[in-house]
> 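Shown below is the structure under consideration.
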Amino acid sequence: MLTKVPRGTKDVLPSESYKWHYVEKIAKDVAECFGFQEIRTPVFEHTELFERGIGETTDVVEKEMYTFEDRGKRSVTLKPEGTAPVVRSFIENKLYADAQPTKLYYITPVFRYERPQAGRYRQHHQFGIEVFGASNASIDAEVIHVAMTIYQKLGLEKLEVRINSIGCPQCKEHYNEVLKTYLSNRIDNLCGTCQSRYERNPMRIIDCKVESCQEQLTDVPLMIDYICDECRDHFEGVQNHLEAIGVPFTIDPKIVRGLDYYSKTAFEIITDEAGKKGTLCGGGRYDQLVEQCGGPATPGVGFGMGLERAILALETQGIVIPKPEGLDIFLVTMGEKAELQGFKILSELRQMGLRADQDHLSRSTKAQFKYANKLMAQYTAIIGDEELERGTVSLKNMETGEQSEISIDKIVDILRDKL
Ligand code: HAM
């Protein structure tokens with residue numbers, strides 16, 4: 001146990017971390033191009049925030065949260081998603097008092113006690129964006145465009161944007177009645193969880209993963225056929241804006257999303273390969289959430305994209321992420337005096353911003369060269385007693401094997417020119 005990561009979690013080793021840097025940088029750069037700024041919120045929050053925000057009858061709240069009592073006997077929960085904490089911060093810090101909209105992005109670990117499998121973890125990471133204070137359909141299209149631009153810049157192909165409208169509280173109320181009537185003579189065939197949701201949140205039943213429940217839903221009435229005129233106009237506006245910028249989409253009336261806060265637009269982005277492993281990105285509008293969490297009525301819309309799934313999709317599609325370059329220079333030192341002199345030069349090189357290193361294990365010259373190769377050093381500088389006496393070092397280009405003797409005082413300048 002001591003030497004094993006907890007089930008559903010994984011280490012990101014140095015051989016992998018550059019992939020994360022690459023994906024995160026593209027995501028941040030794209031979001032910043034669209035006018036978003038970063039927000040960071042704590043990894044844990046008061047449990048109530050998620051119960052209230054996500055909805056008490058969702059799988060996330062009912063079955064998946066990492067909730068515990070802290071030493072002060074307060075119930076806290078590790079973030080099971082990124083939106084509610086940003087909403088809490090938006091309210092607490094009165095960001096609504098600034099000119100709107102507020103456009104925020106974040107990278108965060110997310111914790112859900114799910115059954116682990118490829119692309120599904122108990123700790124995963126999301127890049128997410130949230131926009132507050134804008135209700136026009138153009139911003140929904142913009143949010144989808146941010147996600148698609150990130151995937152395109154990553155080089156991912158075969159992406160599909162699926163959108164739906166799940167209505168506002170008014171049309172939802174009417175639809176829930178229609179849904180309950182449909183489900184009323186099927187209720188005995190539903191699983192226990194669905195039965196318990198029938199009264200409180202019948203829409204959740206549509207999202208149930210149990211096969212026998214899905215069999216009961218073959219001709220279930222769909223929200224999209226019951227949305228009010230305002231929601232319909234808004235949904236058309238989203239489609240018009242997506243068409244205007246050439247983002248292809250399909251309407252999928254079965255999208256309900258696993259979290260309760262959505263209204264109007266709901267969307268998912270999938271790839272062929274991710275089909276089996278789930279969605280790459282999910283999001284939508286949540287116009288009641290800020291008020292529900294105790295803030296002034298403020299519309300909101302955003303998405304969360306799984307970073308593990310993005311990296312997995314890149315690998316599946318054979319997209320090579322550029323590997324970082326190795327060291328600029330490795331100092332091979334021979335003897336104590338040379339080691340000390342090397343340490344001084346090393347410090348100067350690093351101050352200059354060069355990636356430089358030297359041996360700290362008193363290894364043989366051969367072993368030092370071997371280590372320099374492992375670190376993919378472009379140059380090595382060989383410093384020995386003889387060189388020291390002459391005030392020189394031997395600079396070797398590790399790719400061409402070319403070697404030249406240069407003055408110690410000039411090493412920094414010469415390297416600056418060469419690299
Ligand atoms: P979500 O659909 O629950 O939405 O998660 C967003 C994305 O996170 C998914 O599309 C998927 O890529 C990834 N994901 C979810 N669960 C796992 C898991 N167990 N393992 C690996 N990846 C996972 C939200 O969380 C909303 N907060 C998104 C949002 C932001 N809506 C509006 N604003």
Side-chain angles (χ1 to χ4, degrees), residues 7-10 12 23 27 31 36 39 41 45 49-50 53-55 58-61 63-66 78-88 90 102-132 134 139-140 142-144 146-147 150-151 156 159-164 166 207 209 255-271 273-290 293 299-314:
R7 200 163 123 77
T9 68
K10 50 178 202 164
V12 177
V23 174
F36 287 77
I39 183 163
T41 64
E45 297 272 353
L49 173 71
F50 299 116
I54 300 172
T58 55
D59 279 354
V60 169
V61 171
K63 306 176 189 164
E64 297 171 359
M65 293 207 302
Y66 280 87
L78 302 181
K79 270 186 207 178
E81 61 100 45
T83 309
V86 175
V87 166
R88 194 262 316 130
F90 177 79
T102 302
K103 298 166 92 174
L104 306 167
Y105 75 82
Y106 52 84
I107 294 178
T108 185
V110 171
F111 305 86
R112 294 182 189 173
Y113 191 80
E114 293 191 88
R115 192 178 315 156
Q117 61 181 62
R120 195 197 288 153
Y121 309 98
R122 290 188 173 163
Q123 174 177 342
H124 72 274
H125 298 79
Q126 287 186 19
F127 175 83
I129 66 170
E130 313 292 349
V131 181
F132 296 96
I139 200 78
D140 303 47
E142 184 173 300
V143 163
I144 294 171
V146 172
I150 293 170
Y151 291 136
L156 282 176
L159 301 176
E160 197 180 324
V161 178
R162 297 190 173 172
I163 61 171
N164 190 23
I166 50 175
D207 209 24
K209 303 285 178 285
I255 292 180
V256 286
R257 310 278 302 123
L259 313 161
D260 271 353
Y261 47 63
Y262 293 108
S263 58
K264 292 186 176 158
T265 315
F267 72 91
E268 291 178 351
I269 302 175
I270 60 165
T271 72
E273 295 84 7
K276 282 171 254 130
K277 296 167 195 123
T279 24
L280 274 182
C281 174
R285 185 162 274 286
Y286 46 87
D287 287 348
Q288 290 73 45
L289 185 58
V290 175
C293 292
V301 55
F303 70 67
M305 61 170 58
L307 293 178
E308 286 83 355
R309 286 186 194 179
I311 291 170
L312 218 59
L314 286 170

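Counting starts at 1 for both ligands and their atoms, in listed order.
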> Students should be able to answer this: which protein heavy-atom is nearest to atom 7 (C) of ligand 1, and at what distance?
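That would be Gly304 O, 3.4 Å.
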> Run the contact test for Arg120 against ligand 1 with a 4.0 Å cut-off on heavy atoms, strictly below, and give the result.
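Yes, that is the case, since the closest heavy atom of the residue is under 4.0 Å from the ligand.
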> Around atom 9 (C) of ligand 1, find the nearest protein heavy atom and jot down its residue, atom name and distance.
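Checked against all protein heavy atoms, atom 9 (C) of ligand 1 sits closest to Thr279 O, 4.0 Å.
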> Identify the heavy atoms of Pro80 and Val60 that sit nearest to each other, and give their distance.
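Answer, listing the atom of Pro80 first, then Val60: CB-CG1, 3.6 Å.
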> What pair of heavy atoms forms the shortest contact from Gly53 to Cys293, and how long is it?
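That would be CA-SG, 4.4 Å.
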> Below 3.5 Å, N or O to N or O, backbone or side chain included: is there any such pair between Tyr106 and ligand 1?
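For ligand 1, there is no N or O atom that lies under 3.5 Å from one belonging to Tyr106.
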> Are Asp59 and Glu64 close enough, and set up right, to give a side-chain contact (heavy atoms from CB on, under 4.5 Å), and what steps lead you there?
CA-CA 7 Å; Asp59 279 354; Glu64 297 171 359; 3.9 Å; yes
> Between OH of Tyr113 and CZ of Arg122, what distance do you get to the nearest 0.5 Å?
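Rounded to the nearest 0.5 Å, the OH-CZ separation comes to 4.0 Å.
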> Classify the contact between Phe127 and ligand 1 as side chain, backbone, both or neither, using a heavy-atom distance cut-off of under 4.0 Å.
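Neither; nothing of Phe127 gets under 4.0 Å from ligand 1.
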> I need the Glu130 CD to Phe90 CZ distance, nearest 0.5 Å.
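Result: 11.0 Å between the selected atoms.
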> Taking 4.0 angstrom as the limit and counting only heavy atoms of Glu114, give me the atoms of ligand 1 inside it, by number and element.
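Checking each atom against Glu114, I get 16 (N), 18 (C), 19 (N).
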> State the atoms of ligand 1, each with its element, that fall below the 4.0 Å cut-off from a heavy-atom position in Gly119.
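In order of numbering, the contacting atoms are 20 (N), 21 (C), 22 (N).
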> When you measure from atom 26 (C) of ligand 1 to every protein heavy atom, which one gives the shortest distance, and what is it?
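Of the protein heavy atoms, Tyr261 OH, 3.3 Å lies nearest.
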> Can you tell which part of Glu130 has a heavy atom less than 4.0 Å from ligand 1: side chain, backbone, both or neither?
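Near ligand 1, Glu130 shows its side chain, while the N, CA, C and O stay back.
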> Relative to ligand 1, is His124 under 4.0 angstrom through side chain, backbone, both or neither, heavy atoms considered?
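Answer for His124: side chain.
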> Give me the atom names and distance for the closest heavy-atom approach of Pro85 to Glu45.
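Residues Pro85 and Glu45, closest heavy atoms: CB-OE2, 3.4 Å.
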> Using a plain distance cutoff, I'd like to know if Leu280 has any nitrogen or oxygen under 3.5 Å from a nitrogen or oxygen of ligand 1.
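Leu280 vs ligand 1: N/O contact under 3.5 Å present.
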> Of Tyr286, Tyr121, Tyr262, which has the heavy atom at the shortest distance from atom 29 (C) of ligand 1?
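Looking at heavy atoms only, the winner is Tyr262.
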> Taking distance alone, with N or O pairs closer than 3.5 Å, would you say Gln126 contacts ligand 1?
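Among all N and O atoms of Gln126, at least one is under 3.5 Å from an N or O of ligand 1.
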> May I ask you to list the atoms of ligand 1 that are less than 4.0 angstrom from any heavy atom of Phe303?
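Selected atoms, number and element: 28 (C), 29 (C), 30 (C), 32 (C), 33 (N).
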> Under 6.0 Å from the OH atom of Tyr66, do we count more than 12 heavy atoms belonging to anything else shown?
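Atom OH in Tyr66 is crowded, with more than 12 foreign heavy atoms closer than 6.0 Å.
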> Out of all atoms in ligand 1, which are within 4.0 Å of some heavy atom of Cys281? Include the element for each.
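Atoms satisfying the 4.0 Å criterion: 10 (O).
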> Could you find the nearest protein heavy atom to atom 30 (C) of ligand 1 and give me its residue, atom name and distance?
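Nearest protein contact, heavy atoms only, for atom 30 (C) of ligand 1 is Thr83 OG1, 2.9 Å.
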> Hey, which atoms in ligand 1 end up nearer than 4.0 Å to a heavy atom of Gly283?
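With Gly283 as reference, the close atoms of ligand 1 come out as 31 (N).
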> From Ile144 CD1 over to Phe267 CZ, what is the distance, rounded to the nearest 0.5 angstrom?
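Ile144 CD1 to Phe267 CZ: 5.0 Å, rounded to 0.5 Å.
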> With nothing but distance in play, are any N or O atoms of Leu259 less than 3.5 Å from an N or O of ligand 1?
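No - when backbone and side-chain N and O of Leu259 are compared with those of ligand 1, no distance drops under 3.5 Å.
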> Give the single entry among Glu268, Arg257, Arg112, Glu81 that approaches atom 3 (O) of ligand 1 most closely by any heavy atom.
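Considering heavy atoms of Glu268, Arg257, Arg112, Glu81, the nearest to atom 3 (O) of ligand 1 sits in Arg112.
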> Should you measure from each heavy atom of Gly282, which atoms of ligand 1 turn up under 4.0 Å away?
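Counting from 1, the qualifying ligand atoms are 10 (O), 28 (C), 29 (C).
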> Hey, are Arg112 and Glu81 close enough for a salt bridge, meaning a charged N less than 4.0 Å from a carboxylate O?
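Salt bridge flag = no for Glu81 with Arg112.
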> Would you tell me whether Thr83 and Tyr286 have side-chain atoms, one donor and one acceptor, within less than 3.5 Å of each other?
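The answer is no; no qualifying pair exists.
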> Do Ile139 and Arg285 pass the side-chain contact (heavy atoms from CB on, under 4.5 Å) test, and can you show the C-alpha distance, the side-chain angles, and the key distance before you say yes or no?
CA-CA 10 Å; Ile139 200 78; Arg285 185 162 274 286; 3.2 Å; yes
> Between atom CD1 of Ile255 and atom CD1 of Ile163, what is the distance when rounded to the nearest 0.5 Å?
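Reported value, rounded in 0.5 Å steps: 8.5 Å.
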